[in-house]
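Not measured: the values here are computed from a predicted model. First listed ligand is number 1; within each ligand, the first listed atom is number 1.
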Amino acid sequence: MPLSQTIPFDNSYAKQMEGFYVAWEGAKVPAPEIIQFNGDLAKELGLDGEELNSKEGAEFFAGNEMPLGASPLAQVYAGHQFGGFSPQLGDGRALLVGEVIDQNNIRRDIQLKGSGQTPFSRRGDGKAVVGPVLREYLIGEAMHALSIPTTRALAATTTGEKIVRNGFEPGAVLTRVASSHLRVGTFQFFAARKDTEKVRQLADYAIKRHYTELENSENKYLELLKAVMVKQAQLVAKWMSVGFVHGVMNTDNMTISGETIDYGPCAFIDYYKPDAVFSSIDEQGRYAYGNQPNIAQWNLARFAETLIQLIDPDDNDNAIKLATNALNEFPLIYQDYWFDEMRVKIGLADKKDGDLDLINELYQAMDGQSVDHTQLFRKLADALRGDEKTLFELFDDETGFKPWLEKWKTRLTHNKTDFKKIATDMDKVNPLYIPRNHKVEEALKVASKDSDYAPFKKLLDVLMNPYEAREGLKDYEEPAPKDNGPYVTFCGT
Ligand code: AMP
Ligand code: MG
């Protein structure tokens, strides 16, 4: 039975962007069942959650039944994957179902990920399985709770199929919500084909959708490059501040909107280590924790290349000069945002000379000390409340860190705010609960093996409220036991 609810679709991509997609349908699956439904997000989208969280809703979320007004399609894109260019990617296992205007008047895509093969599946089966679907649900919602721009999860639905991955695994579909699915790779697809008019159409669409303030700029395509640079600098600064490692920052996984997208082999660092890599296929450390700002700039350079013809159609050299000058600003723009993130994490309400050095010195003191990156900032606040012992315990040897602590405290006294108040403010921005890799793995394992979703639901609940200490959750604060060995994520999604 189709959904009785009418979803107020307003599908601009389907209507305005012919040639940028292929109209397509989901594969039929035997037995859709919703594992998790995001009622808060449904409300934000102006949808009737009760009606969607139902048997009919499950048929929709699994791709069996399209609601009235949907115009399902697979988007085309290209992308640099681990540095090598693939001219033909596209939604190989996803369908953009349509767009809705949310309660804040923002246009949002509703996409099904894992809904079957499309013309862009290459050798893939078009499917997704429970583990990775729940990982994307968990991490995406955790990022949202940490105020980090991200695509969201509206639902996770099993399909009743068994899919070949590591042996057979239960099939599932993620219903993903994004402020758009425009990627750097979408631009690359048309630029690689030297289709300047299509690149222009795409850029105009992106500006209208995400950067309306640029519509009347003198050189709106150069401004688009700069605006996306700023969004990505902000985003990566936030990732770095919480120890997030995306794991597969290919250009097809970088959005024009500035939202984090595609949670595959992602992870959070526990012990601070700039060269931390978790993905089994990232052998060179290209997407290591500390390399993410560089890679963002590299990806933005690929974006800039797609816009050259638009930036100055008559003078290529001039266009390249303008784009290069803009790109060269990235490290400083990034550093400013990173500084802003880090400043509040250590309780600095204002900026003074030497503050940036103070933050860098903190990281130097942490290096090689097996310090848990998340706990450190909570324990710094505890130190302001008089408990330095638990802070020191984070270090293998705290001797090198002690002078930093004194320097920091001296700096804080300049603001004449009492330490207790500073500590309270710090706790509001430094999470106590992050998606600990071992906790995520535990939850996904039993979900996939035994259809036991209780640990997933519990973890999701913990992560929805990351800052406030709650009773009985001590376990969720801790890094993986050291004897767990290194954490490795696999791209088998
Ligand atoms: P990702 O690594 O998830 O960002 O995906 C990279 C590309 O591979 C995209 O074009 C996906 O649509 C495609 N892809 C990933 N997994 C599958 C699959 N199981 N079947 C078909 N295409 C896939
Ligand atoms: Mg992707």
Side-chain angles (χ1 to χ4, degrees), residues 20-22 24-27 29 62-63 72-97 109 111-137 139-140 150-151 153 159 161-178 180-189 192 235 245-257 259-267 278-282 286-287 295-296 299 302-303 448 489-493:
F20 292 75
Y21 63 83
V22 174
W24 204 252
E25 298 274 320
V29 295
L73 58 87
Q75 292 175 301
V76 297
Y77 52 87
H80 275 89
Q81 302 183 305
F82 290 91
F85 187 60
S86 303
Q88 174 72 63
L89 294 170
D91 290 331
R93 54 162 169 178
L95 288 179
L96 172 61
V97 172
D109 279 2
Q111 195 209 52
L112 304 181
K113 182 170 174 182
S115 53
Q117 285 176 321
T118 74
F120 311 123
S121 296
R122 295 171 292 159
R123 283 179 302 280
D125 59 8
K127 302 288 183 177
V129 291
V130 162
V133 163
L134 294 186
R135 181 199 304 280
E136 180 153 350
Y137 198 121
I139 313 281
T150 177
T151 63
T159 60
E161 290 182 314
K162 290 283 177 210
I163 307 296
V164 180
R165 289 290 184 272
N166 252 330
F168 284 100
E169 295 187 31
V173 178
L174 181 79
T175 307
R176 179 159 80 176
V177 172
S180 87
H181 283 85
L182 300 180
R183 308 151 188 266
V184 168
T186 322
F187 284 78
Q188 289 183 290
F189 182 91
L235 181 67
V245 184
H246 184 284
V248 58
M249 285 177 73
N250 294 333
T251 56
D252 51 307
N253 291 337
M254 183 183 260
T255 59
I256 299 304
S257 67
E259 286 178 345
T260 313
I261 195 168
D262 276 355
Y263 296 94
C266 60
F278 301 96
S279 168
S280 62
I281 58 170
D282 191 1
R286 180 179 173 87
Y287 299 141
I295 288 292
N299 288 349
R302 306 290 79 75
F303 180 48
S448 182
T489 58
F490 297 93
C491 237
T493 56

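- Considering both main-chain and side-chain atoms, Arg93 comes within under 3.5 Å of ligand 1 through a nitrogen or oxygen pair.
- Pairing each heavy atom of Lys127 with each of Ala27, the nearest pair is NZ-CB, 4.0 Å.
- Near Asn253, meaning under 4.0 Å from one of its heavy atoms, ligand 1 places the atoms 4 (O).
- Looking at Tyr77 against ligand 1, only its side chain comes within 4.0 Å, counting heavy atoms.
- Going from atom CD1 of Ile281 over to atom CD of Gln81 covers 9.0 Å, rounded to the nearest 0.5 Å.
- With a heavy-atom cut-off of 4.0 Å, Lys127 touches ligand 1 through its backbone alone.
- Residues Phe82 and Tyr287 place their aromatic rings such that the two centres sit under 6.0 Å apart.
- Polar contact check, Gln81 against ligand 1: no nitrogen or oxygen pair lies under 3.5 Å apart.
- Residues Ile261 and His181 come closest through the heavy atom pair CD1-CD2, 3.9 Å.
- In the vicinity of Arg122, heavy-atom distances shorter than 4.0 Å reach the ligand 1 atoms 7 (C), 8 (O), 10 (O), 13 (C).
- Here is the list of ligand 1 atoms found below 4.0 Å of a heavy atom in Gly126: 18 (C), 19 (N), 20 (N), 21 (C).
- Below 30°, between 30° and 60°, or above 60°: for His80 and Phe85 the angle between ring planes is between 30° and 60°, a tilted geometry.
- When the options Asp262, Ile163, Ile261, Leu89 are ranked by their closest heavy atom to atom 1 (P) of ligand 1, first place goes to Asp262.
- At least one heavy atom of Gly90 sits closer than 4.0 Å to an atom of ligand 1.
- For atom 21 (C) of ligand 1, the choice among Gly114, Gly92, Ala74 with the nearest heavy atom turns out to be Gly92.
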Test log, rule salt bridge (Lys or Arg N to Asp or Glu O under 4.0 Å), inputs Asp252 and Arg302: CA-CA 11 Å; Asp252 51 307; Arg302 306 290 79 75; over 6 Å; no

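- Only the side chain of Arg165 comes within 4.0 Å of ligand 1, counting heavy atoms alone; its backbone N, CA, C and O stay farther away.
- Thr251 and Gln188 share a donor-acceptor pair across their side chains, judged by distance under 3.5 Å alone.
- Residue-to-ligand polar distances place Asp125 within reach of ligand 1: an N/O pair is separated by less than 3.5 Å.
- Under the 3.5 Å distance criterion, the side-chain polar atoms of Trp24 are left unmatched by any main-chain donor or acceptor of Ala94.
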Worked check of side chain to side chain contact (heavy atoms under 4.5 Å, CB included) between Val177 and Thr151: CA-CA 6 Å; Val177 172; Thr151 63; over 6 Å; no

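- The shortest non-hydrogen separation linking Arg165 to Asp125 is NH1-OD2, 2.7 Å.
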Intermediate values then yes/no, side chain to side chain contact (heavy atoms under 4.5 Å, CB included), Asp262 and Lys113: CA-CA 10 Å; Asp262 276 355; Lys113 182 170 174 182; 3.2 Å; yes

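- Counting only protein N, O or S atoms, the number found under 2.8 Å from the Mg ion (ligand 2) is 2.
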CA sep, side-chain torsions, deciding dist, call: Leu89, Arg122, side chain to side chain contact (heavy atoms under 4.5 Å, CB included): CA-CA 8 Å; Leu89 294 170; Arg122 295 171 292 159; 3.3 Å; yes

